[in-house]
Amino acid sequence: MLLLDFVRYHERLMGTKIGCREGDCGACTVVLGELKGGKLRYRSAVSCLTALGNVHGKQVVTIEGVNREEGLNPLQQAICEEGGTQCGFCTPGFIVSMAGFCLGEAEFTYKNALAAVDGNICRCTGYKSIQRALGRVVSLLQERSGQDLLPDYFRTIEGRLRALLPEPNGFFSHQQGAPFLGGGTDLYVQQQERMEQGPIDFLFNREGLKGVVEESGRCWVGGAATVSDLVESPLLQKAFPRLDQYARLISSTPIRNIATVAGNFVNASPIGDLSIFFLALDARLVLNDGVGSRELPLRELYRGYKDLAKRPEEFIERIYFDMPGPGTLFHFEKVSKRTCLDIASVNTAMRITVSGSRIVEAHLAAGGVGPIPAFLAGASALMRGRKVEEELVLEVIEAAQGEIAPISDARGAAAYKRLLLGQLIKAHFLTLFPGLEAARLI
């Protein structure tokens, strides 16, 4: 069962609204509190795509959970005083996201406050009144703690969660033939009824599948690590200085908080952002069937549209790639109908290692240009040993065009996608090598 349906139809908490049921509108936003590394951590989530089994051992905060016994809390008061609500349908989701910001670990800045509500959509206000309300809240937070703005019972939650003593591996029971579930952010969009009625092996809370660590020059990522785990990792922030910039292109905060890395890979969408990101890193997978494990390059996982080189009883335990060394550069690009929070028309990533003025290693990947997330082997090979110059860029684009087979669909015509890939490859080079002349790439 989905958390949204449990909250509304079993707990009768009607403040959490049913909107798109696809994680886009934010009307169903809740905040999840859990013990992580011995500390209480809060993150927002869309309850319309969150399996009930994935909140095992956690606190679930709905709009009713931020109400005070008397009067409005400061978040609600700020929305009222700034005229931040009209029809009111989206308002609970905005306030819950604001509460998550108050309880979270991000610095209390206006920029971070805006990011906290990036998964909430309003059709009425034009957002300016909501933004002013956020400014009021930030001013309060710079003088008081986040818990001061919310009901007093939040101060008891850490002790209450410790008393629950959840299992170290979360809610997990292997059932022969049952599908594995990570975050479910795309799976529940595609087949909600099937997922609700059938047995599930829950992987989301398994501690052995979490974490982002460095070992012997390699970065190891747990299969159940979320996109937010990646973005918040000091290790990856240091390795990829533009990581925050890339993250803003990958869905919204509540989705990133529950979407898992392995789930993105196994979903096998031709435009999966993380699939493209990790293909360019030449990542390898560790697959586990409960008895033993084996390794597989990510580029060999995809055999055809939604056809994986993975047995049904296997799940992705870990992913690893070589940490960037001296001279290694990385860049991710994406174009979608909306700049952020949207599915890609075309996305692409490139990792290259340069010695002097020549490329010694190159990995180029692209999505939206064929039936699978594509590693562009020919274009990648073409770069090795070559000098970085405008002529090479044009040759790489030409080689890439020979490796793709885009189709026309709702996200663009085939010719448009070919054009996009060429332009984004130029963007890779111009970003990583600002000395190149853009005028010579036309």
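- Between Ile316 and Val286 there is no side-chain heavy-atom pair separated by less than 4.5 Å.
- His331 has its side chain within reach of Gln245: a pair of non-hydrogen atoms, C-beta onward, lies under 4.5 Å apart.
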**Message:** Checking Leu49 against Val189 for the side-chain contact (heavy atoms from CB on, under 4.5 Å) test, could you report, in this order, the C-alpha distance in whole Å, the side-chain angles of both residues, the deciding distance, and whether it holds?
**Reply:** CA-CA 7 Å; Leu49 299 179; Val189 175; 3.7 Å; yes

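- Using a cut-off of 4.0 Å between Lys/Arg side-chain N and Asp/Glu carboxylate O, Arg338 and Asp118 are scored as not salt-bridged.
- How far CG of Leu75 is from CG of Leu134: 9.5 Å, rounded to the nearest 0.5 Å.
- Looking only at distances, a side-chain donor or acceptor of Gln237 sits under 3.5 Å from a matching main-chain atom of Val231.
- Within the 3.5 Å criterion, the main-chain N or O of Gly26 finds a donor-acceptor partner in the side chain of Asn120.
- Formation of a donor-acceptor pair under 3.5 Å by the Ser380 side chain with backbone atoms of Leu364 is found in this model.
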**Message:** Show, in sequence, the C-alpha distance, side-chain angles and deciding distance for Asp282 and Asp322, and conclude whether the side-chain contact (heavy atoms from CB on, under 4.5 Å) test is met.
**Reply:** CA-CA 8 Å; Asp282 199 25; Asp322 292 334; over 6 Å; no

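- Look at Lys310 and Asp289 and you find no salt bridge, because none of the NZ, NE, NH1 or NH2 atoms lies under 4.0 Å from a carboxylate O.
- Looking at heavy atoms from C-beta onward, Leu209 lies in side-chain contact with Glu317 at the 4.5 angstrom threshold.
- With hydrogens and angles ignored, the 3.5 Å screen pairs a side-chain donor or acceptor of Gln401 with a backbone N or O of Arg418.
- Here the rule is ring-ring contact (aromatic ring centres under 6.0 Å, His included) with Phe315, and of Phe265, Phe204, Phe180, Phe202 only Phe180 fits it.
- Counting heavy atoms from C-beta on, the side chains of Leu32 and Val60 come closer than 4.5 Å.
- Gln197 and Glu193 are not linked by any side-chain donor-acceptor pair at a separation below 3.5 angstrom, with hydrogens and angles left out of the test.
- Of all the heavy atoms in Asn54 and Gly183, the pair that sits closest is ND2-O, 4.1 Å.
- Looking at Glu64, its side chain does come within 3.5 Å of a backbone N or O of Gly15 through a donor-acceptor pair.
- Other residues, nucleotides and ligands contribute at most 12 non-hydrogen atoms within 6.0 Å of the CZ atom of Arg194.
- The backbone N or O of Ser44 lies less than 3.5 Å from a partner atom in the side chain of Asn257, making a donor-acceptor pair.
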With a 3.5 Å cut-off and sequence neighbours excluded, list the donor-acceptor pairs that the side chains of residues 270-277 form with protein atoms.
from: Asp273; atom 1: OD1; to: Asn347; atom 2: ND2; distance (Å): 2.8
from: Asp273; atom 1: OD2; to: Lys334; atom 2: NZ; distance (Å): 2.8
from: Ser275; atom 1: OG; to: Asn264; atom 2: OD1; distance (Å): 3.2
from: Ser275; atom 1: OG; to: Tyr302; atom 2: OH; distance (Å): 3.3

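- Side-chain polar atoms of Ser129 and Arg132 form no donor-acceptor pair below 3.5 angstrom.
- Side-chain contact between Phe330 and Leu281 is present, with at least one heavy-atom pair separated by less than 4.5 Å.
- Side chain to side chain, Gln59 and Tyr42 meet the donor-acceptor criterion of an N or O pair below 3.5 Å.
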**Message:** Checking Asn205 against Glu34 for the side-chain hydrogen bond (donor to acceptor under 3.5 Å, both in side chains) test, could you report, in this order, the C-alpha distance in whole Å, the side-chain angles of both residues, the deciding distance, and whether it holds?
**Reply:** CA-CA 10 Å; Asn205 291 325; Glu34 64 176 321; over 6 Å; no

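- Judged by distance alone, with hydrogens and angles left aside, the side-chain atoms of Gln76 form a donor-acceptor pair with the main-chain N or O of Asn73 at under 3.5 Å.
- Rounding to the nearest 0.5 Å gives a distance of 10.5 Å between SG of Cys219 and CZ of Arg318.
- The neighbour count for Lys128 NZ, taken as heavy atoms of other residues, nucleotides or ligands under 6.0 Å away, does not exceed 12.
- Taking OH from Tyr110 and CZ from Arg136, the interatomic distance works out to 13.0 Å, rounded to the nearest 0.5 Å.
- Contact check for Val66 versus Met98: no side-chain heavy atoms found under the 4.5 Å cut-off.
- Under a 4.0 Å N-O distance rule, the pair Asp5/Arg21 qualifies as a salt bridge.
- The residues Arg43 and Glu232 are annotated as salt-bridged, a charged nitrogen and a carboxylate oxygen being separated by less than 4.0 angstrom.
- The side-chain heavy atoms of Ser47 and Val7, taken from C-beta on, include no pair separated by under 4.5 Å.
- Between the CG atom in Leu298 and the CZ atom in Phe278 there is a gap of 9.0 Å [rounded to 0.5 Å].
- Among all heavy-atom pairs drawn from Thr348 and Ala365, the shortest one is OG1-O, 2.7 Å.
- Using cut-offs of 30° and 60° on the angle between ring planes, the pair His363 and Phe375 is tilted.
- Note on Asp342 versus Arg411: no salt bridge recorded, every NZ/NE/NH1/NH2 to OD/OE distance being 4.0 Å or above.
- For the pair His428 and Ile352, the minimum side-chain heavy-atom distance is 4.5 Å or more.
- The 12-atom threshold is not exceeded at NZ of Lys238, counting heavy atoms of other residues, nucleotides or ligands nearer than 6.0 Å.
- Atom OH of Tyr305 is surrounded by 12 or fewer heavy atoms from other residues, nucleotides or ligands within 6.0 Å.
- The environment of CZ in Arg155 is crowded: more than 12 heavy-atom neighbours from other residues, nucleotides or ligands sit within 6.0 Å.
- Across all non-hydrogen atoms, the minimal contact from Phe94 to Cys122 is CE1-CB, 3.8 Å.
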**Asked** Passes side-chain contact (heavy atoms from CB on, under 4.5 Å), Gln147 versus Leu103? Steps please.
**Response** CA-CA 7 Å; Gln147 285 192 341; Leu103 296 166; 4.0 Å; yes

**Stepwise side-chain contact (heavy atoms from CB on, under 4.5 Å) check, Leu181 with Asp201** = CA-CA 6 Å; Leu181 180 68; Asp201 276 354; over 6 Å; no

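- Considering CD of Gln131 and OG1 of Thr125, their distance stands at 8.5 Å, rounded to 0.5 Å.
- Between the side chain of Asp148 and the backbone N or O of Ser145, at least one donor-acceptor pair lies under 3.5 Å.
- Residues Glu215 and Tyr320 have side chains that never bring a donor and an acceptor to within less than 3.5 angstrom of each other.
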**Message:** Under the criterion side-chain hydrogen bond (donor to acceptor under 3.5 Å, both in side chains), I'd like the reasoning laid out for Arg256 against Thr253: C-alpha separation, chi angles, the key distance, then a yes or no.
**Reply:** CA-CA 5 Å; Arg256 292 194 295 266; Thr253 297; 3.2 Å; yes

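- Counting only distance, with no hydrogens or angles, the side chain of Ser233 and the backbone of Asp229 share no donor-acceptor pair below 3.5 Å.
- Judged purely by atom type and a 3.5 angstrom limit, Lys17 uses its side chain to pair as donor or acceptor with the backbone of Met14.
- With rounding to the nearest 0.5 angstrom, the OG1 atom of Thr91 is 7.0 Å from the CD1 atom of Ile130.
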